[in-house]
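Read the structure below first, then the notes.
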Amino acid sequence: MPIEWIYGLIGGFIIGTAGAVFLLANGRIMGASGIIGGLVDGTGRGNAAERIAFLAGLIVLPFILVQFWDRSETHVSENWAVLIAAGLLVGIGTRIANGCTSGHGVCGISRLSLRGIVATVFYILAGGLTMVVFRHLLGVI
Amino acid sequence: MRSIFAFVAGGLFGLGLAISGMTDTTKVQGWLDVFGAWDPTLAFVMGGAIIPMAIAWLLTPNRTPLLGGSFPEKSAPKLGRNLVLGSFLFGAGWALAGLCPGPAMASLTFGHMGNIVFVIAMLAGMVVAPKFKSALDTAVPAE
């Protein structure tokens, strides 16, 4: 089994543990787009401190990790047009759908939420189609 | 105390994302690229994450969170247009850049300009999302 799959499994387990801590301690669903979006559009003003603390951990701990183990290569695109279009789609889409990979995917599927499962099917389907069109047909990504 | 646990949860989330390789856009695009060099890593990450999370959900009935309050109710299985259309738009953007909100934040300090550009556009998208949603509701009223 390739080592990256094992890292995937271990990292995934840590992600799930993070979600378990946030649920069992704070009583909240760990959804990245909801935590960020609530701060951006003001709907999460009531518990802003908790959201900011979560995001601080999310940004700071990986920064510390890559000082010791270089996992910092993201292979991110250098095409700003693609990045801006992608960012807008992710920002708008996750807020309209009320969740992303962490909220609908990890937290939704694990409680057998129909909404989470349907959302996951649609974003993976859209992602697969996008790869076909923009990589294989148009060659932009 | 709520903020301390939130920081710990966010920190573990970030570590998990970086260790699993989900901050590497080629792994995400590779998972979605079924007709190219398909990369199954994301399935291992999802599988690994769902196990502790499912156990956590099993512990919630008839209990309350450690820091007070109540556990989130399971939402009514409302599969409206917003869920489908929103997820579709999100999936398209996710594939274009190979980034979703969690990994985008986790890799913000990794020193790549592209990650910063993506996050700024994502935040802008979140700012306009409520307007986009109400325009959509006016144009095509939800059932």
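Letters A, B, ... are given to chains in the order of the sequence lines, protein chains preceding strands, and every chain is numbered from 1.
Per-residue heavy-atom pair counts under 4.5 Å with chain A were compared for B:C100, B:A18, B:A92, and the maximum is reached by B:A92. The candidate from A:A56, A:G31, A:G93 with the greatest count of non-hydrogen atom pairs under 4.5 Å with chain B is A:G93. With respect to chain A, the highest number of heavy-atom pairs below 4.5 Å among B:G102, B:G125, B:A124 belongs to B:G125. Contact count against chain B (heavy-atom pairs under 4.5 Å) is highest for A:F13 among A:W69, A:F13, A:W80. Note on B:P103, B:G91, B:P40: by heavy-atom pairs under 4.5 Å with chain A, the leading option is B:G91. The greatest number of non-hydrogen atom pairs below 4.5 Å with chain A, out of B:K27, B:M1, B:R63, B:M113, is found for B:K27. For the options A:V140, A:I6, A:V133, A:V40, heavy-atom pairs under 4.5 Å to chain B are most numerous at A:V40. Ranked by heavy-atom pairs under 4.5 Å with chain A, the first of B:G14, B:P52, B:A129 is B:P52. Ranked by heavy-atom pairs shorter than 4.5 Å toward chain B, the options A:G19, A:G8, A:A32 are led by A:G8. Among B:I120, B:N115, B:I50, B:T41, the residue making the largest number of heavy-atom pairs under 4.5 Å with chain A is B:N115. Listed options A:A18, A:C107, A:G99, A:G37 were ranked by heavy-atom pairs under 4.5 angstrom with chain B; first place goes to A:A18. For the set A:A25, A:S102, A:G127, the count of heavy-atom pairs under 4.5 angstrom toward chain B peaks at A:A25.
Contacts between B:L15 and chain A at a heavy-atom distance below 4.5 Å involve backbone atoms as well as side-chain atoms. Using a 4.5 Å cut-off between heavy atoms, B:P130 touches chain A through its side chain atoms alone. Only the side chain of B:M46 comes within contact range of chain A, with heavy atoms under 4.5 Å apart. The contact between A:H136 and chain B is made entirely by side chain atoms (from C-beta outward), counting heavy-atom distances below 4.5 Å. Heavy atoms of A:N98 lying under 4.5 Å from chain B are absent altogether. Using a 4.5 Å cut-off between heavy atoms, A:F134 contacts chain B through its side chain alone, with no backbone atom that close. Interface remark: A:S77 contributes backbone atoms only to the contact with chain B (heavy atom separation under 4.5 Å). For a residue to count as touching a neighbouring chain, one of its non-hydrogen atoms must lie under 4.5 Å from one of that chain's; by this rule B:L42 does not touch chain A.
Listed for the B:T25 side chain is a donor-acceptor partner under 3.5 Å among the backbone atoms of A:T74. Not a single donor-acceptor pair under 3.5 Å links the side chain of A:R95 to the backbone N or O of B:M126.
Considering A:I109, A:I29, A:L23 in turn, A:L23 is the only one that fulfils the side chain to side chain contact (heavy atoms under 4.5 Å, CB included) rule with B:M53. Exactly one residue among B:V84, B:L79, B:L85 makes a side chain to side chain contact (heavy atoms under 4.5 Å, CB included) with A:F122. That residue is B:V84.
Counting all heavy atoms, side chain and backbone alike, B:P72 lies closest to A:G27 at CD-O, 3.3 Å. Residue B:A6 comes nearest to A:A53 through the heavy atom pair CB-CB, 4.1 Å, listed as atom of the first residue, atom of the second, then distance. Counting all heavy atoms, side chain and backbone alike, B:L83 lies closest to A:A97 at CD1-O, 3.5 Å. Of all the heavy atoms in A:L83 and B:G114, the pair that sits closest is CD1-CA, 3.5 Å. Scanning both residues, A:I15 and B:S20, for their nearest heavy atoms gives CD1-OG, 4.2 Å. Between B:P101 and A:T94, the closest heavy-atom pair is CG-CG2, 4.2 Å.
Taking the six-membered ring for Trp and thresholds of 30 and 60 degrees, B:F44 and A:W5 have nearly parallel ring planes, at less than 30 degrees apart.
Looking at B:F90 and A:T101, their side chains come closer than 4.5 Å, going by heavy atoms from C-beta outward. Between B:L108 and A:F63 there is no side-chain heavy-atom pair separated by less than 4.5 Å. Residues A:Y7 and B:V45 have side chains not in contact (no heavy-atom distance under 4.5 Å, counting atoms from C-beta outward). The shortest side-chain heavy-atom distance between A:I92 and B:V128 falls under the 4.5 Å cut-off. Residues A:L129 and B:F88 meet the side-chain proximity criterion, which asks for heavy atoms closer than 4.5 Å. Using a 4.5 Å heavy-atom threshold, the side chains of B:D24 and A:R71 count as separate. Residues A:I96 and B:F132 have side chains in contact (heavy-atom distance under 4.5 Å, counting atoms from C-beta outward). Side-chain contact check for A:P62 versus B:T23: every heavy-atom pair is 4.5 Å or farther apart.
B:M122 is connected to A:V82 through a chain of hydrophobic side-chain contacts under 4.5 Å among Ile, Leu, Val, Met, Phe, Trp and Tyr, so both are in one cluster. A:I3 and A:V66 fall into different hydrophobic clusters, where Ile, Leu, Val, Met, Phe, Trp and Tyr are joined by side-chain heavy atoms under 4.5 Å apart, directly or via other members. Hydrophobic clustering (side-chain heavy atoms under 4.5 Å, transitive across Ile, Leu, Val, Met, Phe, Trp, Tyr) groups B:L17 together with A:I59. No path of Ile, Leu, Val, Met, Phe, Trp and Tyr side chains, each step under 4.5 Å between heavy atoms, connects A:L112 with A:L114, placing them in separate hydrophobic clusters. Taken together through direct or relayed side-chain contacts under 4.5 Å among Ile, Leu, Val, Met, Phe, Trp and Tyr, B:L12 and A:L9 form part of one hydrophobic cluster.
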Where do B:W94 and A:I124 land on the side-chain contact (heavy atoms from CB on, under 4.5 Å) test, with the steps shown first? CA-CA 9 Å; B:W94 186 38; A:I124 290 182; 4.0 Å; yes

Walk me through it: do B:F118 and A:V90 pass the test side-chain contact (heavy atoms from CB on, under 4.5 Å)? CA-CA 9 Å; B:F118 176 88; A:V90 169; 3.8 Å; yes

Checking side-chain contact (heavy atoms from CB on, under 4.5 Å) for the pair B:T60/A:L24: CA distance, chi angles, key distance, verdict? CA-CA 7 Å; B:T60 59; A:L24 297 176; 4.2 Å; yes

What do the steps show when you test A:I84 against B:V117 for side-chain contact (heavy atoms from CB on, under 4.5 Å), and what is the final call? CA-CA 7 Å; A:I84 291 170; B:V117 173; 3.8 Å; yes

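Atom OG of A:S110 and atom CD1 of B:I51 lie 11.0 Å apart (nearest 0.5 Å). Here B:F13 contributes atom CZ and A:M30 contributes atom CE; the two are 4.5 Å apart, rounded to the nearest 0.5 Å. Annotation: the span from B:L96 atom CG to A:N79 atom CG amounts to 9.5 Å, rounded to 0.5 Å. One distance of note links CZ of B:F7 with CG of A:L61; it measures 5.5 Å at 0.5 Å rounding. Here OG1 of A:T130 is found 8.0 Å from CG of B:L32. Values are rounded to the nearest 0.5 Å. With rounding to the nearest 0.5 Å, the separation of CG in A:L58 from CE in B:M105 is 6.5 Å.
When the shell of 6.0 Å around CD of A:E78 is examined, it contains 12 or fewer heavy atoms from other residues, nucleotides or ligands.
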